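Everything below concerns the one structure shown next.
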Number of protein chains: 2
Amino acid sequence: MGAERADEAAGEWAEVAPDAAQRLVGAAVEAFAERGYHATTTRDIAGRAGMSPAALYIHYKTKEELLYRISVTGHERALKIMAAAAGAEGTAADRLCCAVRAFASWHAERHTTARIIQYELKALGEEHYAEIADLRRQTDRLLREIIQDGADAGEFTVRDVPGTTLAVLSLCVDVARWFTADGKRTPDQVGELYADLVLGMVGARRP
Amino acid sequence: MGAERADEAAGEWAEVAPDAAQRLVGAAVEAFAERGYHATTTRDIAGRAGMSPAALYIHYKTKEELLYRISVTGHERALKIMAAAAGAEGTAADRLCCAVRAFASWHAERHTTARIIQYELKALGEEHYAEIADLRRQTDRLLREIIQDGADAGEFTVRDVPGTTLAVLSLCVDVARWFTADGKRTPDQVGELYADLVLGMVGARRP
DNA sequence: AAGACCCCTAAGCGCTTGCTCAGTGCTGGG
DNA sequence: CCCAGCACTGAGCAAGCGCTTAGGGGTCTT
């Protein structure tokens, strides 16, 4: 039984109560990330949490609600990270560097959660999707403003601000696809590497 | 019935014979890209191809074989594009520019196929996966060699060649996730933008 | 005209899916 | 000591899944 690993994964969801609901969301994150939403069964989730299939429905109305909760929480955390960087003091280059480092390393550190929120969007119900899409637009806007600021200030050389924003976001998000804990890079190293590469993209590489 | 659209998608698979097998692979590409492999039913594929569910099994042994055929063909095309750029004449910057432009724009142009081959890898059987993984390693190696050449020649400023290779590949691949035909950028424009951004990443932006 | 071959369908098999519900044990207030 | 309320389970339902099978109709060769 993988119940111990599910408990580990649940650590990220410490504020979820009661305990059984927390174990379930941890198990779901693990299973969705490993196999994908559609390939994961409610029996599998319940089994990883050490419970019977029926127990899941005491805490969550449907399997989709579980995905939705994971998506909302994950997107809120990602947005918070981006907002912290965007609201920091310093030059546009400082803020961009900080944003990319934090955003990319989060996608590595929490690559299970990140994989779900980035690659299972289509499995959400229509209303839930709309809610998530709004959080994503906010994240995009924050990053675009940093890049726009840098371009306006002459710090950056950017030919296409929305396009560059899209590319930077895409680069960071895709970390969740390829990153594995047993690879040769730590999340911090990924963040460092990516911050440097992105500064190059906008023509503002630090010396 | 979506049979006409499936026919359209099948155009990319013109060399597949007989005609029914071609329509089926076109329908499968469309369905897998739209809903994902696990959420697509054999009835859906057959329906889009204008046939009964049983007809699928005359041309393909299993649903997984359909995914495998799409994956092999797609990866071979992607590899061919990378190989053409890597084998071209010119400086490392020329070749990198050419590689990224072609690779990124292919992922936009053929975003349905690309989405499947990049995001449904885990749904392949073990042996099929191993075969595909080999094609992916070849693509990675070709790009890494271009970047290494540029670094060796002093054309590029790269602190981490494997890491930068990974990032460039990741950037291009992820085009398949966000690109839609009704967006404001054409595949060629995406290729152009990305080539410019990547040259910035390696510190070799053209004037 | 007859037979062989191929492509296809209608029907359906065995299984798994998301989800439900009656009932069980455990806990805490009176 | 009792009983209400809660978390949970065992059993199972209806629906849908991947895939199989028996057989029908074209077309081509002989």
Side-chain angles (χ1 to χ4, degrees), chain A residues 1 3 6-7 10 13 16-32 34-71 116 120 122-128, chain B residues 1-3 6-7 10 13 16-32 34-71 116 120 122-126 128:
Chain A
M1 219 161 283
D7 285 349
W13 304 86
V16 179
D19 174 70
Q22 183 184 135
R23 263 158 48 222
L24 282 166
V25 77
V29 166
E30 199 184 289
F32 290 163
E34 208 170 278
R35 314 227 237 261
Y37 175 79
H38 288 292
T40 299
T41 68
T42 53
R43 281 164 238 265
D44 183 19
I45 297 169
R48 285 177 198 245
M51 306 161 83
S52 83
L56 194 152
Y57 293 92
I58 293 163
H59 302 282
Y60 300 95
K61 255 188 351 212
T62 61
K63 175 178 148 188
E64 193 267 351
E65 195 198 326
L66 218 24
L67 175 64
Y68 167 67
R69 301 258 210 215
I70 294 164
S71 276
I116 298 163
E120 301 291 355
K122 284 177 302 185
L124 287 166
E126 210 166 321
E127 289 176 29
H128 287 164
Chain B
M1 217 160 287
D7 285 350
W13 304 86
V16 178
D19 175 70
Q22 183 184 135
R23 262 156 50 220
L24 282 165
V25 78
V29 166
E30 200 184 289
F32 290 163
E34 208 170 278
R35 313 227 239 259
Y37 175 78
H38 288 292
T40 299
T41 69
T42 53
R43 282 167 239 265
D44 184 19
I45 298 168
R48 285 177 197 245
M51 307 162 81
S52 80
L56 193 152
Y57 294 91
I58 293 162
H59 302 283
Y60 302 95
K61 257 194 340 220
T62 61
K63 176 177 146 186
E64 193 267 351
E65 194 198 325
L66 217 25
L67 175 63
Y68 167 67
R69 301 257 211 217
I70 293 165
S71 276
I116 297 163
E120 301 291 355
K122 282 176 303 187
L124 287 165
E126 210 166 321
H128 287 164

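Worth saying up front: this structure is predicted, and the values here are computed from it rather than measured. All chains are named by letter (A, B, ...) in the order of the sequence lines, taking the proteins before the strands, and each is independently numbered beginning at 1.
Here the CD1 atom belonging to A/I45 is positioned 8.0 Å from the CG atom belonging to A/L24, to the nearest 0.5 angstrom. Note: B/K63 NZ to B/T40 OG1 = 6.0 Å, rounded to the nearest 0.5 Å. Distance check: A/E65 CD to A/I70 CD1 gives 10.5 Å after rounding to the nearest 0.5 Å. With rounding to the nearest 0.5 angstrom, the CZ atom of B/R48 is 15.5 Å from the CZ atom of B/R43.
Nearest to the side-chain atoms of B/A54 among the listed nucleotides D/dC19, C/dT20, D/dT20 stands D/dT20. Of the candidate nucleotides C/dC19, D/dC19, C/dT9, C/dC19 has the atom lying nearest to any side-chain atom of A/Y57. In the set C/dC19, D/dT9, C/dT9, the nucleotide with an atom closest to the side chain of B/M51 is C/dT9. With D/dT9, D/dG18, C/dG18 as the choices, the nucleotide that has an atom nearest any side-chain atom of B/T41 turns out to be D/dG18. In the set C/dC8, D/dT9, D/dC19, C/dC8 carries the atom at the smallest distance from any side-chain atom of B/A20.
Across the protein-nucleic acid pair, B/Y37 atom OH and D/dC17 atom P stand 14 Å apart, rounded to whole Å. Atom-to-atom, CG of B/L56 to P of C/dC7 comes out at 14 Å; the value is rounded to the nearest Å. As rounded to whole Å, 13 Å separates atom C1' of C/dG25 from atom CD1 of A/I58. Taking atom NZ of A/K63 as the reference point, atom P of C/dT17 lies 9 Å away to the nearest angstrom. One interatomic measurement links the two molecules: OH of A/Y60 to P of C/dC19, which rounds to 14 Å at whole-angstrom precision. As a whole-Å value, the separation of B/Q22 CD from C/dC7 C1' is 16 Å. Rounded to whole Å, atom C1' of C/dC19 lies 15 Å from atom CD of A/E64. Residue A/I45 contributes atom CD1, which lies 16 Å from atom P of D/dC8 at whole-angstrom precision.
Close to D/dC8, at under 4.0 Å from its OP1 or OP2, lies no side-chain N or O of A/S52. When the side-chain nitrogen and oxygen atoms of A/H59 are compared with OP1 and OP2 of D/dC8, one or more of them lie within a distance under 4.0 Å.
Judged by distance alone, with hydrogens and angles left aside, the side-chain atoms of A/E120 form no donor-acceptor pair with the main-chain N or O of A/L67 at under 3.5 Å.
Side-chain atoms of A/R43 come within donor-acceptor range of the base of C/dG18, with a qualifying N/O pair under 3.5 Å.
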